[in-house]
Each structure stands twice: as C-alpha cells, then as structure tokens.
Amino acid sequence: MSLISAALKRINPSQTIAISNKARELKATGRDIIALSAGEPDFETPDNIKEAAIKAIRDGQTRYTAVDGIPELKAAIVAKFKRENGLTYKPSQVTVGTGGKQVLFNALVATLDAGDEVIIPAPYWVSYPDIVQFAGGTPVPVETRLEDNFKLQPAALEAAITPKTKWLIFNSPSNPTGAAYSRAELKALTDVLVKYPHVWILTDDMYEHLVYDDFEFVTPAQVEPALYDRTLTMNGVSKAYCMTGWRIGYAAGPEVLIKAMGTLQSQSTSNPSSIAQWAAVEALNGPQDFIAANNKVFKERRDLVVSMLNQTKGLTCPKPEGAFYVYPSCAGLIGKTTPSGTVIENDEIFASELLEAEGVAVVHGSAFGLGPAFRISYATATKDLEEACLRIQRFCGSLR
C-alpha cells in the first residue's frame with residue numbers, strides 16, 4: 001500500500017516556484033543572480049491598506065470569521081463588480097479564499113468528476129492543469145499561436161468542446177503571455193460558448209487592472225450576459241494592489257456553486273486571515289490612483305524589455321497588452337550550441353544554461369504548455385531588467 005495518494009501523484013510542484021527557489025539558493029551562495037521568474041509586483045502595499053490591517057489588529061478583529069468572507073468584504077466585492085464590470089451580484093453569490101489559487105481549487109474540486117474535461121488555452125498558468133488533474137478531471141490544452149499573439153481563436157475553442165467539457169478556464173490578461181482580449185475578440189469567443197449550455201466558464205481576471213496603451217478590460221459575463229448563470233468570475237488583490245503575501249482572492253457566480261465551494265473551504269482552511277480581509281476591504285473601497293502610477297512604470301519596463309529582446313539574436317517577442325510578463329519565442333536558438341558544448345535542444349535547457357552562464361532566472365515555456373519560449377516577469381527594478389536583457393543578448397549571441 002502506497003503512503004502517497006493517487007490524487008497527489010497526478011500533480012507536480014509548481015515549476016515557477018521551483019525556479020524562484022533555485023534562484024534564491026544560488027544567490028545565497030554568492031552568485032550574482034537576477035531573478036525574472038516570480039509573478040510579484042516589486043512595489044510596496046499602499047500605506048492606507050497597511051494602516052487598515054493595523055487598525056483591524058488594534059480593534060480586535062483577530063478571531064475566526066465566516067468561512068468564505070466577512071460581510072464587509074463581500075459588500076466591497078459586490079460594489080467592485082458593479083462599479084468596474086457592470087455585473088450585479090448578491091453577497092450570497094460571493095466567496096473569498098486564501099488567494100485566487102484557493103478559489104480556483106475550490107471551484108474545480110467542487111465540480112469535477114472523473115472524465116470531465118476542462119479546456120485550457122496554452123500557454124497557461126502552470127497550476128491550472130494540475131488542479132484539474134488533482135480533482136479527477138482531464139485538462140484539454142488548446143495551443144495558441146505566436147502570430148495570434150497567443151490568443152485563443154473561436155474555431156479552436158469550438159473544435160475542443162465535447163459532450164464531456166465541463167469548464168473553459170479563461171485568463172485575460174494572461175499569465176504567462178500578458179495577452180489581453182479586446183471586447184470584439186472576447187465576443188467572438190462568447191458567441192461560441194452560448195451555443196454549448198453545458199460548458200461553464202471560469203474566468204481568471206487577476207490582472208484586470210494591469211493593462212496598457214488605453215486597453216479596455218472586459219470580462220466574459222460582462223460581454224455576454226447570457227453566460228452570467230454559468231460563469232465564475234475570479235479576481236483578487238494580489239497583483240494590482242501589491243498584496244501577494246496577504247493571500248486574498250475572491251469570486252462571484254451562481255449561488256449553488258458558491259455554496260459548494262464554501263462547503264469545501266469549511267473542511268480545508270476555513271476563513272482567510274481576518275486581518276488580510278480588512279486590508280482587502282480598504283484596497284477595494286479606498287483610493288485607486290496608485291494603480292495608474294504603477295502601471296506607468298510597468299509600461300515603461302514592458303517597452304524596454306520588448307525592445308531589447310527583439311534586438312537579440314534568435315528571439316522574437318510580441319508586445320503584450322497587460323499583466324507584467326513577456327513570452328519571447330526562442331525557436332531560432334533550438335539546435336544551437338553553447339561555448340561549453342551544450343546543445344540547446346529545448347527551452348528548458350535554454351533556461352538552465354542561461355541561469356548557469358549569465359545568472360538570469362527565467363521560466364521555460366514548456367512549463368506553461370507551449371514552447372519553445374520562456375517567460376520573463378518585468379515586475380522588478382528597471383536597472384535590473386536592463387542588465388538582465390544585456391546578459392540575455394550576450395548569452396544568445398554566444399550560441400553557435
């Protein structure tokens with residue numbers, strides 16, 4: 001009898017976390033490492049949000065709360081969806097979890113049975129397929145193309161739908177590509193989904209506010225109201241509000257699904273941190289002007305990185321509309337050889353050799369389900385980004 005369950009054997013540790021950990025270990029040995037692997041803003045949590053957390057502690061808000069969120073936070077989430085997305089929800093349609101990852105986990109584990117299929121556009125956030133597999137479902141990756149800026153096309157979506165399809169996981173702006181869907185692009189996809197009433201939509205809007213060049217963010221239930229009753233709209237405070245460590249994610253959707261997710265959470269973590277919940281209330285209800293200021297810096301960094309990578313031998317880097325990632329193709333370098341004699345057979349070897357030779361940590365594209373490519377997070381100091389890109393140029397130029 002095996003000690004480890006069959007369910008756990010269906011998943012792997014997060015490769016993005018593994019690479020970030022390796023970069024930290026190398027840095028601890030004295031290596032000069034520039035880590036571009038973590039999806040985490042380098043800006044501080046705004047002071048008003050910190051003060052709200054401190055006030056919560058002083059006011060004694062340190063006890064258990066309702067399993068899936070305090071009423072004040074649910075009210076702030078309801079107001080956010082109405083104000084920013086034109087979506088009307090009741091508090092009973094809202095759930096709060098310990099980060100967006102728990103919300104996604106709850107939704108999939110609460111709804112998937114063996115044989116259920118989940119369509120996941122590739123490249124995808126590394127956790128999507130593993131959570132689906134843990135829940136007993138079958139991930140159905142649908143590859144996107146560089147020439148489409150890594151955006152799912154309606155014909156490809158429709159071709160992937162079968163009678164066993166339970167969910168489409170939709171992420172815009174995307175981790176890892178930064179690609180974001182315009183209203184017209186999203187409407188073309190929702191037109192397909194309307195025809196298949198057995199398919200539910202799990203939309204990951206975590207990077208909603210991180211968009212550039214006057215891009216207008218929209219979410220599926222906003223674009224197509226007919227999908228409202230089978231859409232779970234997930235978001236959180238991690239990225240736009242620089243609160244990754246606070247661990248607050250949330251979602252809104254049909255009451256029957258929200259109740260099921262709450263039942264699961266009641267037997268796992270119970271409530272998210274009470275203090276972090278009060279901080280999230282302030283994040284959603286308080287001043288929002290810092291987001292535009294942060295985005296101005298992110299845009300400048302994006303433009304710098306895209307420009308430098310497109311000047312690099314063997315790389316092609318599209319300009320993304322949002323998030324804080326770029327996803328350059330390294331197809332032009334596959335088969336090349338490093339000065340030490342290693343053949344770059346795939347993007348994982350590329351990333352490993354880049355880290356060894358130049359001390360730049362990136363995540364290989366095959367971890368996200370589509371290569372040969374790699375992901376760079378530009379949520380780090382501009383001077384470090386410029387130095388990292390110079391090192392990447394030097395490494396790529398050394399390949400023969």
Side-chain angles (χ1 to χ4, degrees), residues 6-7 10-12 87 93 95 100-145 148 150-172 174-177 179-181 185-206 218-235 251-261 264 368-370:
R10 292 195 292 266
I11 65 174
N12 297 296
L87 294 172
Q93 292 178 275
T95 185
K101 186 179 285 189
Q102 183 178 32
V103 174
L104 294 167
F105 186 94
N106 287 349
L108 294 168
V109 172
T111 58
L112 290 178
D113 291 312
D116 288 342
E117 295 176 351
V118 179
I119 294 172
I120 307 173
Y124 43 68
W125 182 46
V126 293
S127 295
Y128 294 149
D130 283 277
I131 296 173
V132 169
Q133 288 173 158
F134 179 85
T138 302
V140 180
V142 178
E143 291 190 359
T144 59
R145 304 186 305 167
D148 297 321
F150 299 114
K151 296 180 188 181
L152 178 65
Q153 299 301 298
L157 169 60
E158 189 153 24
I161 295 173
T162 76
K164 294 182 178 180
T165 304
K166 188 70 158 285
W167 287 98
L168 162 69
I169 298 180
F170 181 77
N171 177 211
S172 172
S174 161
N175 177 3
T177 67
Y181 293 71
E185 290 168 334
L186 188 47
K187 183 65 166 63
L189 295 175
T190 59
D191 284 349
V192 172
L193 294 165
V194 165
K195 296 189 287 184
Y196 298 93
H198 68 289
V199 179
W200 284 65
I201 299 90
L202 202 171
T203 179
D204 179 349
D205 294 351
M206 190 62 74
V218 284
T219 195
Q222 176 184 10
V223 169
E224 181 47 77
L227 297 178
Y228 175 88
D229 289 331
R230 51 188 170 104
T231 298
L232 182 70
T233 302
M234 191 279 288
N235 212 313
E255 284 190 29
V256 62
L257 174 59
I258 297 300
K259 185 177 180 181
M261 292 167 64
L264 179 61
F368 304 103
L370 187 70

(Q) Run Tyr181 and Val223 through side-chain contact (heavy atoms from CB on, under 4.5 Å) and show every step you take. (A) CA-CA 11 Å; Tyr181 293 71; Val223 169; over 6 Å; no
**Q.** side-chain contact (heavy atoms from CB on, under 4.5 Å) between Trp167 and Leu112, worked out
**A.** CA-CA 9 Å; Trp167 287 98; Leu112 290 178; 3.9 Å; yes
Q: Apply side-chain contact (heavy atoms from CB on, under 4.5 Å) to Thr165 and Val140, showing your working.
A: CA-CA 9 Å; Thr165 304; Val140 180; over 6 Å; no
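Side-chain atoms of Asp116 come within 3.5 Å of backbone N or O of Asp113 as a donor-acceptor pair. Side chain of Thr162 to backbone of Lys164: a donor-acceptor contact under 3.5 angstrom is found. Glu224 places no side-chain N or O within donor-acceptor distance of the main-chain N or O of Gln222, the cut-off being under 3.5 Å. Using modelled atom types, one side-chain atom of Arg230 and one backbone atom of Val199 make a donor-acceptor pair closer than 3.5 Å.
Shown are Asn235, Thr219, Thr233; of these, the side-chain hydrogen bond (donor to acceptor under 3.5 Å, both in side chains) with Asp205 is made only by Thr219. Looking at Val103, Thr95, Asn171 one by one, the single match for side chain to side chain contact (heavy atoms under 4.5 Å, CB included) with Met234 turns out to be Val103.
Side chains of Trp200 and Thr111: no donor on one and acceptor on the other come within 3.5 Å.
Side-chain contact between Asp130 and Pro139 is absent, with no heavy atoms from C-beta onward closer than 4.5 Å. In this structure, the side chains of Val192 and Ile161 come closer than 4.5 Å at one or more pairs of heavy atoms. Inter-residue side-chain proximity for Pro220 and Phe170 is flagged as met; some heavy-atom pair is nearer than 4.5 Å. Looking at Leu104 and Tyr128, their side chains come closer than 4.5 Å, going by heavy atoms from C-beta outward. Residues Thr138 and Val132 form no side-chain contact, since every pair of their non-hydrogen atoms from C-beta on lies 4.5 Å or further apart.
Remark: Arg145 engages Asp148 in a salt bridge, criterion side-chain N to carboxylate O under 4.0 Å.
Rounded to the nearest 0.5 angstrom, Lys166 NZ and Leu202 CG are separated by 12.0 Å.
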